[in-house]
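Counting convention: from 1, in listed order, for ligands and their atoms alike.
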Amino acid sequence: MGCRSRSIWRTYKCILRHRKKIKSRWQFLINEDKASYWRQKAQNVLRRKLSYRSNTNIAKNVILFLGDGMSIPTLAATRVYMGDENVELSFEKFPHTALSKTYCVDSQVADSACSATAYLGGVKGNIATIGVTATVELDDCDGMANTENHVSSILKWSQEAGKRTGIVTTSSVTDASPTATYGHTANRLWQDDTTILAAGVDVTKCRDIAYQLIKGNVGKQFNIILGGGSRVFMPNGTRDRLGSVGTRSDRVNLVKEWLKDKKSQGSDAEFIWNRDQLVNLSEDTEHVLGLFSDNYMPYNLDRNRTLTPSLTEMTEAAIKIARKGKGAKNGYFLFIEGGRIDQAHHQALAKKALEETAEFSRAITKAQELTNEKDTLIVVTADHAHTLAIAGYPERNNDIFGSPGNDEQGRTRLTLTYANGPGHKECGHDFSKDNTADKEFPFPGVYNLTSETHGGDDVAIFAKGPWSHLYSGVMEENVIPHIMAYASCVGKYTQRRRISSKQIKKFIAEAPNESSCGILGACRREELCQMSLNNIEDLRNTLVVNIPDSKTRVSRTFTVITGTYIDLYLNNNDDKGWPYFNKLINEYLHNPDTFNRSTPIQICKQIKCSGILCCIAHKYLLNLFNNIVIIIIPGEYDMHPDITPVGQRARTIDTLETTSNYWNTKAQSTLSEKVNSAPNTNIAKNVIMFLGDGMSIPTQTATRVYMGGEEQELSFEKLPYSALSKTYCVDKQTADSACTATAYLGGVKNNYGTLGVTAAVVRNDCDSMILEENHVTSIATWSQNAGKRTGIVTTSTITDASPAGIVYDILHSLSAENNPNYPFNDLLTSETTNRAYSHTANRNWQSDTDVTSTGRNVTVCRDIAHQLIKWDTGKNFNVILGGGSEKFLPTGTVDAVGAEGDRSDGRNLIEEWLEDRTAEGNTGEYVWNRTGLLGVGDDTDYVLGLFSSGNMPYNIDRDADTVPSLEEMTEIAIKIASKGTGAENGFFLFIEGGRIDHAHHSTKAKKSLNETVEFSKAVQKALDLTDADETLIVVTADHAHTMSVSGYADRNADILGSPGTDDNGGTRLTINYANGPGFQNSSYDYSQDDTTDDNYRFPSVNYLSSETHGADDVGIYANGPWAHLFSGVIEENLIPHIMAYASCVGDGLTACSDALEKMYFMKLNIFGVLFSPNGQGLDVEPWGTPNITSYQTRAFEIHTERFDSNVDGVEQFQIFASPCTNLANNNDNVDTLNIIPDD
Ligand SMILES: [Zn+2]
Ligand SMILES: [Zn+2]
């Protein structure tokens, strides 16, 4: 087999490649075949996420890593390049991720210049301008010279805070991205005076970028400058030691000037130009200027490894120099750029782009080795996307530079394509003859363009270290530096200052006497009001208390110190203890400068309880309250009075967006929301999972523009938490809706085209399929087992792959009992090799006719419609809404929607469903149109709605009077699910926007975007109808598509229109696909097309009758209980594990079992009380034992279920020990605390 290697990893990879052939021999190594492998992996990640505690230290150091042009598809492609789809780039292991919207004020698609102003200065500007507001247009020297228009960067703010600073890039140090750290310019190309003179601009008024770096106030303070671009620093006609020729007309040698300046300041400074000098550089070097090439540094694949340093080596040197020397005690800020990912993409040299990304990942590994996450915030992001797409459906581990199959003209397709670029080939080109693995091979695009364009889709942000948890959800790019500044107390956020433990001890020591109140009262915010957990770690007993505002549910964070220090005070004078505590809280809560007056305060002194759990708590609470020491020091909220949410403002983009104030206020509003949101650790009574089938990240970006502008937000993009989901299947690089449904509903990855079984089952493998050990159950079944109501809603046929993922699990038990010849094999052949349309075979098996037509015995091989109506999980659904009624009706009959029956067995499954409901004594309603649906009675237990033959119509084609929208179906589903038998246990709903995918397959982008809008409305409806306290809403997609959004259309230009022409003068379109039915010959004139027509098919690189899925990551967006566990880059199969944890269903880790586990630790370790009087509850946590792990210390929480304020002067908490539903569901065990205010 050739798979034996000394490296286990290589062996494993080889086996994966040959898995089909060698399966029987190497079974033991292929763990991915086992459900336990995926479940264990998911449970481990879940545990890690649960143990994670937000790091609220002050970030002494900040490193911003920028992967120029590192789009989300670039990440997925790099993983395969690095070895396997399951590889994680170093920063993909970071705990927190967000999505960044990169558009500029005047452009739909950003360039590195305006983008750098946003992520370094916090303000969006115009394309090709740097470090200036959008008041300054391209080439506007007057505007540039006016310092009022300047946007300063976080490097300047860091210098003002006394920190060391530096920049590193593989591009030239005067290129757009690094320039924003120190420069201000109306044109990114003004890198030397010669260019400015050529533009006819006064060079003494508008200085060139190189001059600004050496002579400008920010640039000249840099301790580290490493990169390429020596030519713009040297006089015209002179050569440097590398032989590069200078380009300056002013005859100034800026390198010499730099050395002279440093010398005159008495500062040690080194100028270097090769790798040896860099690696031998003393760590005590005060200033270093390293220019390793005349322009860009060589690509990593072209680099002479002895002459030119790598990005990793430059990163190592930069950190070592930054952390020593003058100012090092204040920390440092470093900007480190992988600058050539972008340039390789522009040349369509995908191999070089992926290698640059891999090297970027290595540099970040090095930075992690050299820093400590306790005091160093590392943020990794990109400035904009590119148009690279990863097309379906290659085998797992297929060469990323290879082919996933042929197009429908029999020609080789490539996995990687661009929307445009120099790799464009004339029609008929035979890629099978190309050496696509060559690093110089340019990958193809739809249009011929010298330089491939950027993409408009969102890029990812990855963060680790202090305050990294603020990076979550979908945010504007300009929020990035605001969070970094907040975390490191620079810029607008300097008032946060570190308090030494000595000061705290002194304060505590003074607390027992009367004057201590005075001290606390006099506590000046900037002196005493901020401390990091790190600082007082030696005091050990520190907690953060969240006191939520009852109206806004926004928590104000306090730092509470408890422990033995004031024990003496309270022990000595027990009666004075509580008034003291009370007074402190009052003092701060009623300080109008600091707090909302209406925030009530309750002090818990007397506790009555009945339940066992409460009694344990009672005992400890009493014990603790008699001994506890609490000092409250106002925390984060009041630290930032300048961060106030802006109200709804009318959209007057032209004037407002040109000011710094607009962007800063907006960013501060986002920051304020993030800082003040507390994780919700209730039990999720209800879970709603929304699936946008095929809703890729570029689809969302394009939909925003379709909705009215780049700045729009889809409803779920406003949710507080987000993650990226890796969708590959066990045997395929690109997923279909079947294997992904098994992952996101069952928690186990499996093979392409298979549903509800593990990857031990390969297609047509009936023998292994009937083994129960290979079966995967779904969260719908787990929820039903927990007594919850359930339902499914889709705009597709109800028997299609995604909803069927829920039904299938029940096939297993039945097959084991009754059906020895369990017919899974046919269900598994969902896609033929040449027809990429992913739902074909599933559709074939949806009625008995589909089954018999392939020669199967239908009493053995039950069709999906039968399973849905007759088998356990399906028949228990309280809500079934969607299309495809013909699969339920006998041939020769026509139903109310005109569907002609497709069943050969003469059965009418709809009637059978109604009869079954009656037999059970339940009410069931069958509806077939919008009026029927909206008229469903409030007391209806079950509803079956089948609104069309086949898929429901696209929203654009829908008759709004007769056919319900997804939003309307969502509303009714929630109404039915919330009432009736089992409603007290809550519900699980699966709601699918099924036709986003179908529209993409036919490259009808307009319909796809319109379906996405409808999907967004349905999610909004669910958010409106449910309470975030008890309902977890998760929104995701199952896989991507190959659509890209290419540059560079004007801001707000029609997303269905053109951003410009190609090199042949032909019209390009903004939206393109890698493949699909919209393919045209290269000479085709798109200007004659009506691209805004509903049915217009957008073009592609290759011809396929059905466009393929894409392999890039999709987004996950979440709100409600435990939604904060959705963070980072996760495998898709983690999704149901988190939902099950939150809602206490299934047999994995749950919030309930977890609580009981933690109670054990509580008994052993409880030392203190975490007190939050209003709304979100009274929390008890153990802490204080030296060896306790963070996982254990998260402990055990008590939540208020009901809180009536001011009942006869006695505040009453009704609490349940939570997260433990047993108590919550049993009134006998509900514990009551009487809270008597102390006055
Ligand atoms: Zn670029
Ligand atoms: Zn599809």
Side-chain angles (χ1 to χ4, degrees), residues 66-71 74 102 104 107 109-116 127-128 169 171-172 175-177 188-189 296 337-349 353 356 382-388 391-393 418 420-421 449-456 459 691-696 699 727 729 732 734-741 752-753 794 796-797 800-802 830-831 835-843 951 992-1003 1008 1011 1037-1043 1046-1048 1073 1075-1076 1104-1111 1114:
L66 188 93
D68 199 314
M70 188 180 68
S71 64
T74 304
T102 62
C104 295
S107 180
V109 175
D111 77 329
S112 294
C114 60
S115 172
I127 196 160
T169 181
S171 187
S172 93
D175 204 10
S177 314
R188 58 182 286 175
L189 299 179
Y296 306 139
E337 185 194 29
R340 305 220 64 197
I341 301 167
D342 177 69
Q343 291 146 5
H345 276 322
H346 280 303
Q347 294 177 275
L349 300 175
E356 291 298 311
D383 48 356
H384 53 73
H386 269 275
T387 68
L388 178 84
Y393 303 89
Y418 292 91
N420 51 56
L449 213 55
T450 314
S451 176
E452 179 262 2
T453 68
H454 296 167
V459 295
L691 188 91
D693 198 318
M695 185 181 67
S696 62
T699 306
T727 63
C729 297
K732 288 270 190 189
T734 311
D736 74 327
S737 293
C739 66
T740 55
Y752 183 87
T794 181
S796 292
T797 24
D800 208 355
S802 310
S830 84
E831 305 204 3
R835 242 191 102 72
Y837 197 55
S838 47
H839 316 290
T840 317
N842 285 341
R843 193 169 293 140
N951 294 316
E992 186 194 29
R995 306 219 65 197
I996 300 167
D997 178 69
H998 299 165
H1000 274 322
H1001 279 302
S1002 54
T1003 69
S1008 212
E1011 290 294 312
D1038 47 356
H1039 53 71
H1041 270 275
T1042 67
M1043 189 195 85
S1046 55
Y1048 307 88
Y1073 290 87
N1075 50 57
L1104 276 184
S1105 59
S1106 175
E1107 179 260 2
T1108 69
H1109 298 166
V1114 294

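- Remark: aromatic rings of His346 and His386 are close, center separation under 6.0 Å.
- For Thr727 against Val1114, the heavy-atom pair with the smallest separation is CG2-CG2, 3.8 Å.
- A donor and an acceptor atom, one from each side chain of Glu452 and Thr387, are located under 3.5 Å apart.
- Residue His384 does not count as close to the Zn ion (ligand 1), with no N, O or S atom under 2.8 Å.
- Geometry about the Zn ion (ligand 2) gives an angle of 90° between NE2 of His1001 and OD2 of Asp997, rounded in steps of 10 degrees.
- Coordination check, His1109 versus the Zn ion (ligand 2): passed, since an N/O/S atom of the residue sits under 2.8 Å.
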His1000 and His1109: CA distance, side-chain angles, deciding distance, ring-ring contact (aromatic ring centres under 6.0 Å, His included) verdict: CA-CA 9 Å; His1000 274 322; His1109 298 166; 9.7 Å; no

Trace of the side-chain hydrogen bond (donor to acceptor under 3.5 Å, both in side chains) decision for Ser737 with Thr740: CA-CA 5 Å; Ser737 293; Thr740 55; 4.9 Å; no

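- Residue side and main chain included, Asp342 places an N/O/S atom under 2.8 Å of the Zn ion (ligand 1).
- Minimum-distance N/O/S atom of His346 relative to the Zn ion (ligand 1): NE2.
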